[in-house]
Amino acid sequence: MPTPPKTIEDLMARCNAIAGLTLGQLASSLEQAVPKNLLKDKGWVGQLIEHALGATGGSQAVVDFADLGIELKTLPINQQGKPLESTYVCVAPLTGVTGLEWQNSWVCEKLRHILWLPVLAERQIPLAERVIGNAFLWQPNSAQQQALQQDWEELMELISLGGIADIRGATGKYLQLRPKAANSKALTDAIGSQGQPIRTLPRGFYLKTNFTAAILQQQFSLSVE
DNA sequence: AGATGATCATCC
DNA sequence: GGATGATCATCT
């Protein structure tokens with residue numbers, strides 16, 4: 001297991017070292033087997049990259065590079081550089097949320113400083129041949145912060161007022177709430193339409209692709225200056 | 001085609 | 001069950 005990077009420069013150097021490699025090349029240098037597909041290994045790419053960069057935390061509820069305060073997100077993209085999937089942020093609290101403010105929320109905390117690592121990941125490309133892109137650091141600007149806060153407040157208000165059943169993926173412009181569970185039988189406590197306790201599917205916050213696409217575009221336009 | 005809702009593996 | 005890592009697969 002590699003030691004965690006001590007500085008941001010160290011971290012970025014490690015990113016540079018793996019940029020351009022295929023997942024197969026990186027896996028073999030770490031003596032890891034490449035699964036046939038991601039059907040039963042959906043987190044494989046993220047975990048491979050975490051390992052390569054020396055991320056800590058594992059399944060703990062902390063950012064990946066605790067000393068640097070940086071969260072790592074791999075981002076599957078197509079040839080055109082557009083995200084192929086929404087980006088999971090964190091689980092959503094469904095009870096005891098009255099009085100919770102954006103600034104203190106888990107979403108805000110996680111999105112404070114992200115290391116985005118694009119991976120060319122069109123489904124037609126065999127897993128081992130997918131190419132690691134150029135990682136970049138990102139922090140939300142005030143407009144992005146405000147947009148996310150607005151979505152978050154709308155979603156949290158619905159949750160706290162018993163409107164969770166009315167929330168769907170389309171609720172929220174950039175930040176959405178979707179099921180995040182092992183299967184449809186996993187249930188957790190929430191607030192019903194009459195304010196009564198109910199059991200419902202656990203939910204997670206996700207960044208929609210329109211948001212991550214804008215981040216990539218912003219980064220791209222900066223990098224060709 | 002793209003997004004929504006559903007699901008998979010693992011660790012504690 | 002709930003946290004981590006996400007992508008799959010169906011619907012629109």
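A note on names: the letters A, B, ... follow the listed sequences, proteins ahead of strands, and every chain is numbered from 1.
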In [range], which residues come under 4.0 Å of DNA chain B by heavy atom?
range: residues 18-43 of chain A; value: A/L39, A/K40, A/K42
range: residues 160-172 of chain A; value: A/R168, A/G169, A/A170
range: residues 83-119 of chain A; value: none

Next item on the list: Evaluate the criterion side chain to side chain contact (heavy atoms under 4.5 Å, CB included) for residue pair A/K82 and A/I77; output intermediate values, then yes/no.
Entry: CA-CA 5 Å; A/K82 290 196 65 178; A/I77 58 169; over 6 Å; no
What are the two closest heavy atoms between [X] and [Y], and how far apart are they?
X: A/T56; Y: A/A66; result: OG1-N, 4.3 Å
X: A/A27; Y: A/V34; result: CB-CG2, 3.7 Å
X: A/L72; Y: A/L117; result: CD1-CB, 4.3 Å

Should we count [atom1] of [X] as having more than 12 external heavy atoms under 6.0 Å?
X: A/Q194; atom1: CD; result: no
X: A/E122; atom1: CD; result: yes
X: A/Y88; atom1: OH; result: yes
X: A/Q150; atom1: CD; result: no
X: A/Q146; atom1: CD; result: no

Check: Between the side chains of A/R203 and A/T188, is a donor N or O closer than 3.5 angstrom to an acceptor N or O?
Finding: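 No, no side-chain donor-acceptor pair sits under 3.5 Å.
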Note to self: If only side-chain N and O atoms count, and only distance matters, is there a donor-acceptor pair under 3.5 Å linking A/E153 with A/Q149?
What the structure shows: yes
Next item on the list: Anything under 4.0 Å to a heavy atom of chain A counts; send over the first and last such nucleotide of DNA chain B, read 5' to 3'.
Entry: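 Listed 5' to 3', the contact boundaries are B/dA3 to B/dC11.
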Check: So what does A/K180 hit on the nucleic acid, given a heavy-atom distance under 4.0 Å: a base, only sugar-phosphate, or nothing?
Finding: base
Check: Contact class for A/P179 (heavy atom, under 4.0 Å): base, sugar-phosphate, or nothing?
Finding: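 Answer is base: heavy atoms of A/P179 come under 4.0 Å of a base.
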Next item on the list: Kindly work out whether a path of hydrophobic side-chain contacts (I/L/V/M/F/W/Y, heavy atoms less than 4.5 Å apart) joins A/F136 to A/F211.
Entry: yes
Please tabulate, one pair per line, all N/O donor-acceptor pairs under 3.5 Å involving side-chain atoms of residues 106-116 of chain A, not counting sequence neighbours.
from: A/E109; atom 1: OE1; to: A/R112; atom 2: NH1; distance (Å): 2.8
from: A/R112; atom 1: NH2; to: A/Q103; atom 2: O; distance (Å): 3.2

Notebook entry, point to check: How far apart are the C-alpha atoms of A/D189 and A/R199, what are their side-chain angles, what is the distance that settles it, and do they pass the salt bridge (charged side-chain N to carboxylate O under 4.0 Å, His left out) test?
Noted result: CA-CA 5 Å; A/D189 296 327; A/R199 301 283 287 164; 2.8 Å; yes
Next item on the list: Quickly work out the A/R178 CZ to C/dC11 P distance and round it to whole Å.
Entry: 16 Å
Check: What's the CD-P distance between A/Q47 and C/dA3, to the nearest Å?
Finding: 17 Å
Checklist line | Donor-acceptor contact present, side-chain A/D67 to main-chain A/K6, <3.5 Å | finding: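 No, because the side chain of A/D67 does not come within donor-acceptor range (under 3.5 Å) of the backbone of A/K6.
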Item checked: A/S29 side, atom OG; A/L21 side, atom CG - distance, nearest 0.5 Å -> 7.0 Å
Checklist line | Along DNA chain B (nearest heavy atom to each residue), the more 5'-positioned of A/A181 and A/N78 | finding: A/N78
Next item on the list: For A/L177 and for A/K82, locate the closest nucleotide of DNA chain B by heavy-atom distance; then report the residue assigned to the nucleotide nearer the 5' terminus.
Entry: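 The residue closer to the strand's 5' end, by nearest nucleotide, is A/K82.
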Next item on the list: Take the C1' atoms of the five end pairs on each side of the helix from B/dA1-C/dT12 to B/dC12-C/dG1, get both axes, and report the angle to 10 degrees.
Entry: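 Inter-axis angle at the termini of the helix from B/dA1-C/dT12 to B/dC12-C/dG1: 30°.
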